[in-house]
Protein chains: 2
Amino acid sequence: MASRSDTKTRILDAAEKLFAERGFSETSLRLITSKAEVNLASVNYHFGSKKELIRAVLARYLDVFMPLATDELKQLKAEKQHIPLEQVFSVLVNPLLELNKLRPDGTTLFLQLLGRGYIESQGHLRWFITTHYGEHLSFFVDAVSESVPEIPKADMFWRLHFTLGTIVFTMASADALMEIAAADFNEQNDIEAVIRKVIPYMAAGVNAPQLTA
Amino acid sequence: MASRSDTKTRILDAAEKLFAERGFSETSLRLITSKAEVNLASVNYHFGSKKELIRAVLARYLDVFMPLATDELKQLKAEKQHIPLEQVFSVLVNPLLELNKLRPDGTTLFLQLLGRGYIESQGHLRWFITTHYGEHLSFFVDAVSESVPEIPKADMFWRLHFTLGTIVFTMASADALMEIAAADFNEQNDIEAVIRKVIPYMAAGVNAPQLTA
DNA sequence: ACTTATTTAAAACACTCGTTTAAATTAAAC
DNA sequence: GTTTAATTTAAACGAGTGTTTTAAATAAGT
């Protein structure tokens with residue numbers, strides 16, 4: 001069983017699911033390998049260490065998502081010179097939904113993994129993301145700044161991190177929130193609905209009026 | 001050394017600092033007790049278990065903060081009938097800053113602990129907070145709803161959780177963010193400055209215009 | 001077909017964790 | 001001052017962790 005190296009894929013598939021659900025440090029290699037039905041040692045054989053497995057799990061999505069997002073943004077910038085802020089954020093929706101074609105629940109998994117990563121990581125993941133995808137990131141950040149040029153760079157720094165917190169936390173607990181919304185308000189949401197709910201919130205936040213003491 | 005039961009306090013003081021810095025599950029009892037200069041077993045003797053220690057650390061702040069916040073809000077509601085949303089959020093500022101009188105860096109520690117709690121907790125902390133301080137929480141939530149009555153209950157549910165994510169994430173990484181802001185923008189911020197930056201963001205987000213596809 | 005390299009397998013290693021036990025110490029009660 | 005209770009201490013327990021090692025099985029190269 002487990003011919004050739006779909007072992008690697010089996011590990012990645014099992015790992016991403018468990019990582020998204022319970023976080024990185026709360027997920028043991030033994031749990032991953034038992035769910036993947038592979039041998040414990042194969043993780044270290046194929047990935048070297050748990051840290052590198054975590055990076056590999058994220059890279060599988062980032063390698064698809066980042067170029068897609070950059071492409072869409074470039075296309076939009078070619079069409080018109082000034083882009084409303086909300087539209088900059090909306091540029092991310094399609095690339096995110098593309099991930100569902102990559103794997104079942106790909107969008108949710110990716111966003112939750114990203115959330116876990118930013119929350120848990122003691123640097124190694126932050127470092128990995130910024131050094132491997134830094135250009136895509138700053139391209140996006142620049143586009144945001146151009147959309148609302150009246151906001152000082154320093155304030156923009158803070159507001160974009162607020163935004164990061166908003167989506168990261170929302171996605172890390174998206175499953176629980178969707179359940180509650182279903183029970184309390186008879187709202188049957190999927191991840192796309194949540195994304196479309198959060199975008200106006202973030203756009204309004206980033207573009208908030210200042211010095212309103 | 002460590003006469004009577006300031007052992008309990010020494011443990012709480014050391015624990016809250018470490019919990020805020022590195023999270024609950026990443027902080028071992030051995031690290032706590034060595035920083036507190038007490039015996040390892042004293043944690044289980046005084047608190048029963050690590051879980052109960054975590055709850056005790058949070059309760060020490062919540063018991064002060066929650067009544068203060070409710071009082072301020074009640075006072076404001078007595079003064080005028082309609083309160084602008086931003087003012088409802090601002091009600092939390094003074095109670096938060098009061099915590100600095102309780103202990104050095106009390107405000108930062110509390111907010112970071114709260115962030116860690118909401119991120120890490122597999123239920124036991126969420127349960128603890130809602131059952132012990134649920135009345136204060138819903139009193140605040142109701143005040144928010146009254147400030148922006150045009151927003152449907154279901155949308156408000158989502159937006160308040162977005163808000164929770166914003167502050168929780170911001171506070172959990174506040175130290176790192178303040179360092180970056182100092183290096184990149186020569187901004188010397190303290191926790192109060194960050195709070196005052198985030199409030200307009202959250203208020204604008206909660207009050208964002210709808211269906212702006 | 002035989003050899004070489006790759007992959008899988010089972011077991012052990014070395015370590016950390018929260019918790020418990022039982023004895024020693026300190027404080028309180030009378 | 002003696003007895004009783006509360007607290008501190010050192011040591012061990014048992015379970016779980018990521019990683020390494022060694023040998024067996026499988027696939028590839030020639």
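The basis for the numbers below is simple: all heavy atoms, side chains too, and nothing from hydrogens, waters or symmetry mates. Chain A is the first sequence line, chain B the second, and so forth, proteins listed ahead of strands; every chain is numbered from 1.
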J.: Without decimals, in angstroms, what is the distance between A:Leu29 CG and D:dG16 C1'?
T.: 12 Å
J.: Between C:dA9, D:dT9, D:dG18, which nucleotide gets closest to the side-chain atoms of A:Asn39?
T.: C:dA9
J.: Between B:Ala41 and B:Ser28, which has a closest nucleotide on DNA chain C that is more 5'?
T.: B:Ser28
J.: Run the ring-centre check on B:His161 versus B:Phe157 and record whether the distance is less than 6.0 Å.
T.: yes
J.: Taking the side chain from B:His132 and the backbone from B:Phe128, do they hold a donor-acceptor pair closer than 3.5 Å?
T.: yes
J.: Would you kindly give the CD-to-C1' distance between B:Glu26 and D:dG16, to the nearest whole Å?
T.: 15 Å
J.: Quick one: salt bridge (charged side-chain N to carboxylate O under 4.0 Å, His left out) partners of A:Lys197, sequence neighbours excluded?
T.: A:Glu187, B:Asp155
J.: When you measure from the side-chain N and O atoms of B:His46 to the phosphate of D:dT8, is any distance below 4.0 Å, counting only OP1 and OP2?
T.: yes
J.: Look at all strands and tell whether B:Thr27 reaches a base, only sugar-phosphate, or nothing, counting heavy atoms closer than 4.0 Å.
T.: sugar-phosphate
J.: Find the distance B:Ile32:CD1 to C:dC17:P and express it as a whole number of Å.
T.: 11 Å
J.: Measure NZ/B:Lys50 against P/C:dG18 and give the value in whole Å, please.
T.: 4 Å
J.: Given 3.5 Å as the limit, does a donor-acceptor pair link the side chain of B:Lys77 with the main chain of B:Ala143, or not?
T.: no
J.: May I have the distance from B:Leu53 (atom CG) to C:dT19 (atom C1'), rounded to whole angstrom?
T.: 14 Å
J.: Is the shortest side-chain N to carboxylate O distance from A:Glu21 to A:Lys17 below 4.0 Å?
T.: no
J.: Check the distance between D:dT8's P and B:Leu40's CG and give it to me in whole angstrom.
T.: 13 Å
J.: Picking from D:dG18, D:dA12, D:dA6, which would you name as closest to the side chain of A:Arg30?
T.: D:dG18
J.: Is A:Thr7 close enough to C:dT8 that one of its side-chain N or O atoms is under 4.0 Å from OP1 or OP2 there?
T.: yes
J.: Between P on D:dT9 and CG on B:Asn44, what's the gap in Å once rounded to a whole number?
T.: 15 Å
J.: Taking atom P of D:dT17 as reference, at what distance in whole Å does atom CZ of A:Phe24 sit?
T.: 17 Å
